[in-house]
2 protein chains.
Amino acid sequence: MRIGEIARRSGVSVRALRYYEEQGLLVPGRSPGGQREYTEDAVQRVRAIQQLYAAGLPSRRVAELLPCMDTDTTTDHQRAMLRAERDRIRAQIDELTATLARLDELVDAADRRG
Amino acid sequence: MRIGEIARRSGVSVRALRYYEEQGLLVPGRSPGGQREYTEDAVQRVRAIQQLYAAGLPSRRVAELLPCMDTDTTTDHQRAMLRAERDRIRAQIDELTATLARLDELVDAADRRG
DNA sequence: CTAAAACCTCACGTAGACGTGAGGTGCAAG
DNA sequence: CTTGCACCTCACGTCTACGTGAGGTTTTAG
């Protein structure tokens, strides 16, 4: 598939896909004419990338983590990083939960006032 | 208190505090000589600002939400926004929870392999 | 009164994930 | 063979929450 269709299917922009290649996150093949050729699973990979971005990871981390999802082998470094990022996300969830509680209080207080 | 002490107590930089003033999030008084004079509760307010920033809200939203935490009155607009941001944060927590599960799987798989 | 902190106001620099043309090429249709 | 859309490669622009001097003033310690 070409870049336009992947963009439509995955919901990201063409520019974003080129950026992912530049960052080494999703490197497609090339047609004889030089156009990018993506395989089917590229869409899944894009979703994974977006999910990790949404968790606050920078491209470098995503580039280091994606191989762990592809292959079934992990180096010590990768395992340490997996744990670190997992812990970071846990802390992030805890903080968001606290913020949510705070906003809930405000909403409830407003509702009680009419 | 002056800006340096607030910075130390709240853990943010002096520059950040000036920025908060510029954004209308935390506007201190001024000494006769023109220096910023903060009250005690400024530290709490800084923490609230940081918490909202951490939840992904931009300055504009924070500026709109902070009054809800100060006064006990809310406009319709404020209440709608409170709900909207609350829902956004809920969704964010859900997505992070999914990401966490995914990373947990990877960590567990790596652990099982030795 | 003086020196040194600590503060002040511009105002440009930064990082990250793209947006947005500019100018040129590949490819399927007619 | 030519239109025309989708694609290509630079390469500068954008937005946010500050970082980082430059150059000058206020406050405090001695």
Side-chain angles (χ1 to χ4, degrees), chain A residues 1-39 42-43 45-66 85 88-89 92 95-96 99, chain B residues 1-39 42-43 45-66 85 88-89 92 95-96 99:
Chain A
M1 301 166 64
R2 301 200 313 193
I3 197 170
E5 194 168 352
I6 297 289
R8 273 191 303 280
R9 288 202 196 179
S10 61
V12 305
S13 70
V14 166
R15 176 67 171 98
L17 292 173
R18 296 203 185 104
Y19 178 74
Y20 297 164
E21 178 181 7
E22 185 184 320
Q23 299 297 311
L25 308 181
L26 174 53
V27 180
R30 293 290 180 139
S31 77
Q35 302 206 352
R36 291 173 178 80
E37 280 295 337
Y38 291 88
T39 58
V43 177
R45 201 178 176 87
V46 170
R47 292 199 204 290
I49 293 171
Q50 291 281 38
Q51 194 174 22
L52 292 173
Y53 275 158
L57 285 81
S59 290
R60 272 196 72 86
R61 290 292 165 204
V62 177
E64 292 178 307
L65 285 185
L66 283 179
E85 291 302 337
R88 242 184 27 76
I89 292 177
Q92 207 174 330
E95 199 180 346
L96 283 177
T99 307
Chain B
M1 300 166 64
R2 302 200 316 193
I3 197 170
E5 193 167 353
I6 297 288
R8 274 190 303 278
R9 289 202 195 179
S10 60
V12 306
S13 70
V14 166
R15 175 66 171 100
L17 292 173
R18 295 205 186 103
Y19 177 74
Y20 297 163
E21 178 180 7
E22 184 184 320
Q23 299 297 310
L25 308 181
L26 174 54
V27 180
R30 295 288 181 143
S31 77
Q35 304 209 350
R36 291 173 178 80
E37 280 295 337
Y38 292 88
T39 58
V43 177
R45 201 176 177 87
V46 170
R47 293 197 203 291
I49 293 172
Q50 293 281 26
Q51 193 174 23
L52 292 174
Y53 275 157
L57 285 82
S59 291
R60 272 197 71 85
R61 290 291 165 204
V62 177
E64 291 178 308
L65 284 185
L66 282 179
E85 292 301 338
R88 245 184 24 77
I89 292 177
Q92 207 173 332
E95 200 180 344
L96 283 177
T99 307

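Here is the naming used below: chain letters follow the sequence lines, and residue numbers restart at 1 for every chain.
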With 3.5 Å as the limit, what N/O pairs link the protein to nucleotides 21-27 of chain C?
unit_1  : atom_1 : unit_2   : atom_2 : d
dG26(C) : O4'    : Gln35(A) : NE2    : 3.4

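Each side chain to side chain donor-acceptor pair (under 3.5 Å) pair with one or both residues in residues 15-26 of chain A, not counting sequence neighbours, appears once here: Glu21(A)-Arg30(A), Glu21(A)-Arg36(A).
A close approach under 4.0 Å does not occur between any side-chain nitrogen or oxygen of Ser59(B) and OP1 or OP2 of dT16(D). Remark: Tyr20(A) is not in phosphate contact with dA17(C), judged by side-chain N or O atoms under 4.0 Å from OP1 or OP2. Between dC18(C) and Tyr19(A), no contact under 4.0 Å exists linking OP1 or OP2 to a side-chain N or O.
Straight-line distance from the CD atom of Glu5(B) to the C1' atom of dT28(D): 14 Å, rounded to whole Å.
Comparing Glu37(B) and Leu17(A) by the nucleotide of DNA chain C that holds the closest heavy atom to each, the one mapping nearer the 5' end is Glu37(B).
Nearest to the side chain of Arg30(B), among dT9(C), dA17(C), dC12(C), sits dT9(C). Relative to the side chain of Arg36(B), the nucleotides dC8(C), dC18(C), dG19(D) differ in distance, and dC8(C) lies closest.
Checking side-chain atoms of Arg88(B) against main-chain N and O of Ala55(B) turns up a donor-acceptor pair under 3.5 Å.
Checked by distance alone, Arg18(A) brings no side-chain donor or acceptor within 3.5 Å of a matching partner on the base of dT9(D).
Among the atoms of the strands shown, only primed sugar atoms or phosphate atoms (P, OP1, OP2) are found under 4.0 Å from some heavy atom of Leu57(B).
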